[in-house]
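Step one of this worksheet: look at the structure below.
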Number of protein chains: 2
Amino acid sequence: MISQSVEEYLEAIYKLAEDGAPAGIPALAERLGVSSVSANEMVRRLERDGLVTYAPYKGVTLTAEGEARALNILRRHRLWERFLVDVLAMPWEEAHEAACGLEHVSSPSLIDRLERFLGEPDTCPHGHAVPTATGQIAARNGHPLSDLAEGDEAVVVQVPEEEPGVLTYLSGLGLRPGTAVVVEAIAPFEGPLTLRVGEAVLALGRNLASRILVERK
Amino acid sequence: MISQSVEEYLEAIYKLAEDGAPAGIPALAERLGVSSVSANEMVRRLERDGLVTYAPYKGVTLTAEGEARALNILRRHRLWERFLVDVLAMPWEEAHEAACGLEHVSSPSLIDRLERFLGEPDTCPHGHAVPTATGQIAARNGHPLSDLAEGDEAVVVQVPEEEPGVLTYLSGLGLRPGTAVVVEAIAPFEGPLTLRVGEAVLALGRNLASRILVERK
DNA sequence: CTTCAATATTAGGCTTTCCTAATCATCGCG
DNA sequence: CGCGATGATTAGGAAAGCCTAATATTGAAG
């Protein structure tokens, strides 16, 4: 058996590795809201159990076993999220929180049934791919919204999960997977993008825009 | 916050108190699969936190606060069970297990949404009343099946939850809430009851029969 | 009313998961 | 190349939960 804490660490390590280099201990600690010392301890436990390899000053990397576990957790998380949002009509940000709890107490049988009930969705409500029961995950497609040029039209395919504040904000703007956007203007010096979303026009910071994936039309 | 362990203890204390006297430490320990020492420790923690009162050699009793918590846990458990059985078509015995995990990680908002989605059911799949969000629980109605006389006809209203083996057995016999039964014969000396269930005739031990509630027709 | 079985408790330990404070190591910048 | 910031680690603890072994208490049955 594998504890909830361990699952949370594996998940965080996977997500940190997703955007770039292997996770450093401080980044991991920060993300999980624990001290560096605690994260360090846990990482050594994970290494002892063959779930990660750790090189000081380099970072933590999941082993094959660790990655398989992480993908399984992501699978559970994203299917629950789909259920909460689509079936129970729960708001995005609340759904993320709730799924964080449910993901750690879901047997394979339960998850498989849930998946069938939901119609085997490809992604979570934020557009992230749902890993299969066998541990496959579809490659991310789409480009950062920040890579578009003025005048480009595109459809949102993925928004960041995790931060509740960001989710509420994007939800309020109507920016969710499937939304069509037009780039009206791009301010210089890393400035904001001006977007048209339906009838509305809005300004979006470059940083956040780089974390939204779109598909050109 | 309240830990999963604490919730399991409260639930067990409630259920033990349901059938008779206040829970003794050994009974509690047995039910939870821990040693008497562990149960003793925990009971003292619960008392320290104002959730139970404990009199050695007498038993453990929930305080008002403790009972409110227990009812809330039961609410979550039974609604999840309803979902798992009705919506995901999970077998009874598996659903009980799964609900045991889910019940500890479900926010009030989630549970309220789930309840609405399910159509505000009155009972869990085994016929036990679902406590309301405000902590009310409907009184148990019905009589033990073992109290019927030969020739009586009745409808099952409640079967025991908890033990997976019992659930599988009853499920196999077709004995579930709503099932009509006729008492064909009652063996003397605490012997088994012979029942007709639909076309089938079967023998049921007196002990198990006393834990099945029915309503006379 | 005594004795024995059931119940309770103490003593001592283990693991997991977290913490603070303090020290040590490394990397990169000037 | 040396020094300061960042990162890593050690030392020492705490609380929750669990355990076994041993001891004390109590209630009920003879």
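The sequence lines fix the lettering, A, B, ..., with proteins before strands; numbering per chain opens at 1. Any value given below was found using the heavy atoms of this structure, including those in side chains, with hydrogens, waters and symmetry copies removed.
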Of A:Val6 and A:Tyr57, whose nearest nucleotide on DNA chain C comes first from the 5' end? A:Val6
Using a cut-off of 4.0 Å on non-hydrogen atoms, how would the nucleic acid contact of A:Ser35 be classed: base, sugar-phosphate, or nothing? base
Would you say the side chain of A:Gln4 lies within less than 4.5 Å of the side chain of A:Val105, judging by non-hydrogen atoms? yes
Send over the distance from A:Glu30 CD to D:dG7 C1', rounded to a whole Å. 15 Å
Side-chain N or O of B:Ser36 versus OP1/OP2 of C:dT9: is the shortest distance under 4.0 Å? no
Is there a residue in residues 98-106 of chain B whose heavy atoms reach under 4.0 Å of DNA chain D, and which residues are they? none
In whole angstrom, give the distance that lies between atom CG of A:Leu32 and atom C1' of C:dC18. 12 Å
Considering only heavy side-chain atoms of A:Ser38, the closest of C:dC19, C:dT17, D:dG17 is C:dC19
Quick one, B:Asp112 and B:Arg116 - any side-chain contact, counting heavy atoms below 4.5 Å? yes
To the nearest Å, give me how far apart CD (B:Glu8) and C1' (D:dC18) are. 13 Å
Considering only side-chain heavy atoms of A:Glu41, which listed nucleotide, D:dC18, C:dT9, D:dG13, is closest? D:dG13
When the axes are fitted on five pairs at both termini, how much does the helix from C:dC1-D:dG30 to C:dG30-D:dC1 curve, in 10° steps? 10°
Nucleotide nearest A:Val37 when distance is taken to its side chain, options D:dC18, D:dT20, D:dA11: D:dA11
Whole-Å gap separating P (D:dA16) and CG (B:Leu51): 13 Å
Could you give the CE-to-C1' distance, from B:Met42 to D:dC19, as a whole number of Å? 14 Å
Any side-chain heavy-atom pair of A:Ile111 and A:Asn72 under 4.5 Å: no
Going by an N to O cut-off under 4.0 Å, is there a salt bridge joining A:Glu11 and A:Lys15? no
D:dT9 P sits how many Å from A:Lys58 NZ, rounded? 12 Å
For the residue pair A:Ile73 and A:Tyr14, establish whether any side-chain heavy-atom pair is separated by less than 4.5 Å. no
Any non-hydrogen side-chain atom of B:Leu102 less than 4.5 Å from a side-chain atom of A:Leu110? yes
Only one of A:Glu7, A:Arg82, A:His104, A:His96 passes side chain to side chain donor-acceptor pair (under 3.5 Å) with A:His77; say which it is. A:His96
Taking C-beta and beyond as the side chain, do A:Pro160 and A:Ile212 meet within less than 4.5 Å on heavy atoms? yes
Rounded to whole Å, the CG-P distance (A:Leu10 to C:dT17) equals 11 Å
Look at B:Arg78 together with B:Glu81 and state whether they make a salt bridge at an N to O cut-off of under 4.0 Å. no
Strictly below 4.0 Å: does B:Arg44 bring a side-chain N or O up to OP1 or OP2 of D:dA16? no
Under 4.0 angstrom between A:Arg45 side-chain N/O and C:dT17 OP1 or OP2: yes
Angle between ring planes, B:Phe83 versus A:Trp80, binned at 30° and 60°: parallel, tilted or perpendicular? tilted
Kindly say if B:Tyr54 contacts the phosphate of C:dT9, meaning a side-chain N or O under 4.0 Å from OP1 or OP2. yes
Below the 4.0 Å mark, does D:dA8 have OP1 or OP2 next to a side-chain nitrogen or oxygen of A:Asn40? no
Can you tell me how far C1' of D:dA16 sits from CD of B:Glu7, to the nearest Å? 15 Å
Nearest-nucleotide 5' precedence on DNA chain C, A:Gln4 against B:Ile25: B:Ile25
